[in-house]
Amino acid sequence: MNYEVIIPAAGQGKRMNAGKNKQFIELDSIPVIVHTLLVFQNHLYCSNIILVINERERSIFMDLIEKYHLNKVTKLVAGGSERQESVYNGLKAVKNELILIHDGARPFIKPSKIEELVKAAKEKGAALAAVPVKDTIKRVENNTVIETVERSTLWSVQTPQAFQLPLIMNAHKDAEENNFFGTDDASLVERMGQSVAVIFGDYTNIKLTTPDDLIVAKAILEGKEE
Ligand SMILES: Nc1ccn([C@@H]2O[C@H](COP(=O)(O)OP(=O)(O)OP(=O)(O)O)[C@@H](O)[C@H]2O)c(=O)n1
Ligand SMILES: C[C@](O)(CO)[C@H](O)COP(=O)(O)O
């Protein structure tokens, strides 16, 4: 089934501290955002890509789209100050009934996972990729353990997240009207009382957030090339 994807790429990458948008950092001589976009450009069922950007970086993105022949990027939409706002701006530009939302800063998403998500969202309305946490999780305040949290039901949530259009539109609209901010899109749908299906993601589908993630990213790329 065809889907449309929104790629929020309008963040500042403050935690990466790279002195530029972290999505322009090159891995194997290709910018992170291009790695991400190429997955969808080459995915048969992706009808088009809505890229959400910081207006000040428009010309950089336009150059990359031309250089890497990313002709599925049909719309460049201006982002907002929060990721949620950026995604909502992207949503206002979509047409397809099935929508994927995927962080520009997650370049290692596998096509097979996209397909699982599309299928789950078509059947159930909303779906996300996640992996069970591996470490022991503790609640900490002032450098002191408050409690050890029961781990068996804790999952670390990734993108893509996939939705039927009316569901995610309505959830974003309601969140904006009620000044609710979530750290992912599924949380907005959850607060509307809608259940969200989970597919087993991939531990290599990391988000490049802090400088140490670049070391891991290089290792993942080397692994892919073997
Ligand atoms: N206002 C924002 C903030 C984030 N994003 C995008 O959302 C994705 C996930 O966000 P995150 O990794 O937190 O990126 P930044 O917000 O750029 O990072 P930081 O919080 O360290 O500044 C990224 O691809 C980022 O570009 C966005 O489109 N608009
Ligand atoms: C959407 C997300 O990538 C799911 O893990 C994550 O919540 C984004 O969070 P951030 O605060 O923008 O890093």
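Order of listing sets the numbers, starting from 1, for every ligand and every atom in it.
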- Item | Cation-aromatic face contact Lys122/Tyr3, 6.0 Å, 45 degrees | no

- Query: For Phe24, is the NZ or CZ atom of Lys22 found under 6.0 angstrom from the centre of its six-membered ring and inside 45 degrees of the ring axis?
  - Reply: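 Ring-cation test returns no.
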
- What atoms in ligand 2 come closer than 4.0 Å to a heavy atom of Val157? 4 (C), 5 (O)

- Go through ligand 2 atom by atom and flag the ones less than 4.0 Å from a non-hydrogen atom of Lys207.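 Counting atoms of ligand 2 from 1, those under 4.0 Å from Lys207 are 3 (O), 8 (C), 10 (P), 13 (O).
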
Given [options], which has its nearest heavy atom closest to [atom]?
| atom | options | value |
| --- | --- | --- |
| atom 13 (O) of ligand 1 | Arg106, Arg15, Glu85 | Arg15 |
| atom 9 (C) of ligand 1 | Asn21, Asp213, Val77, Asp103 | Asp103 |
| atom 2 (C) of ligand 1 | Gln84, Arg83, Gln12, Gln23 | Arg83 |
| atom 4 (C) of ligand 1 | Gly80, Ser81, Gly11, Gly79 | Gly11 |
| atom 17 (O) of ligand 1 | Ala105, Gly13, Gly90 | Gly13 |

At what distance is the nearest protein heavy atom to [atom], and which residue and atom is it?
| atom | result |
| --- | --- |
| atom 14 (O) of ligand 1 | Lys22 NZ, 3.2 Å |
| atom 12 (O) of ligand 2 | Arg83 CD, 4.0 Å |
| atom 6 (C) of ligand 1 | Pro8 O, 3.5 Å |
| atom 28 (O) of ligand 1 | Ala10 N, 2.8 Å |
| atom 3 (O) of ligand 2 | Asp103 OD2, 2.6 Å |
| atom 7 (O) of ligand 2 | Thr183 O, 2.6 Å |

Salt-bridge test for [X] and [Y]: reply yes if a basic N is under 4.0 Å from a carboxylate O, no otherwise.
| X | Y | result |
| --- | --- | --- |
| Asp174 | Arg191 | yes |
| Arg83 | Asp103 | yes |
| Asp202 | Lys113 | no |
| Glu55 | Arg58 | yes |
| Lys119 | Glu116 | no |

Test item: side-chain donor near acceptor, [X] and [Y], under 3.5 Å:
| X | Y | value |
| --- | --- | --- |
| Asp28 | His35 | no |
| Gln84 | Asp185 | no |
| Glu85 | Ser81 | yes |

- Residues Gln41, Asn71; criterion side-chain contact (heavy atoms from CB on, under 4.5 Å); working and verdict: CA-CA 8 Å; Gln41 174 69 33; Asn71 66 351; 2.6 Å; yes

- Can you name the one residue among Gln12, Arg56, Glu57 that meets side chain to side chain donor-acceptor pair (under 3.5 Å) with Asn21? Glu57

- Compute the minimum heavy-atom distance from Thr209 to ligand 2 and say whether it is under 4.0 Å. no

Show which atoms of ligand 1 fall inside a sub-4.0 Å distance from at least one heavy-atom site of [X].
| X | answer |
| --- | --- |
| Lys207 | 9 (C), 11 (P), 12 (O), 13 (O) |
| Ser86 | 1 (N), 2 (C), 27 (C), 28 (O), 29 (N) |
| Lys14 | 19 (P), 21 (O), 22 (O) |
| Gly104 | 24 (O) |

Could you tell me whether [X] and ligand 2 have an N or O pair separated by under 3.5 Å?
| X | result |
| --- | --- |
| Arg106 | yes |
| Asp184 | no |
| Thr159 | no |

- Message: Using a 4.0 Å heavy-atom cut-off, which part of Arg15 comes near ligand 2: side chain, backbone, both, or neither?
- Response: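 Side chain only; the backbone of Arg15 stays clear of ligand 2.
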
- Task: Would you check, one step at a time, whether the test side-chain contact (heavy atoms from CB on, under 4.5 Å) holds for Leu98 with Phe163?
- Result: CA-CA 6 Å; Leu98 206 81; Phe163 306 94; over 6 Å; no

- In the single-linkage hydrophobic clustering (I, L, V, M, F, W, Y; side-chain heavy atoms under 4.5 Å), do Ile60 and Val32 co-cluster? no

- Item | For ligand 1, the portion of Glu82 having any non-hydrogen atom under 4.0 Å away |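 Within the 4.0 Å criterion, Glu82 contacts ligand 1 through backbone atoms alone.
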
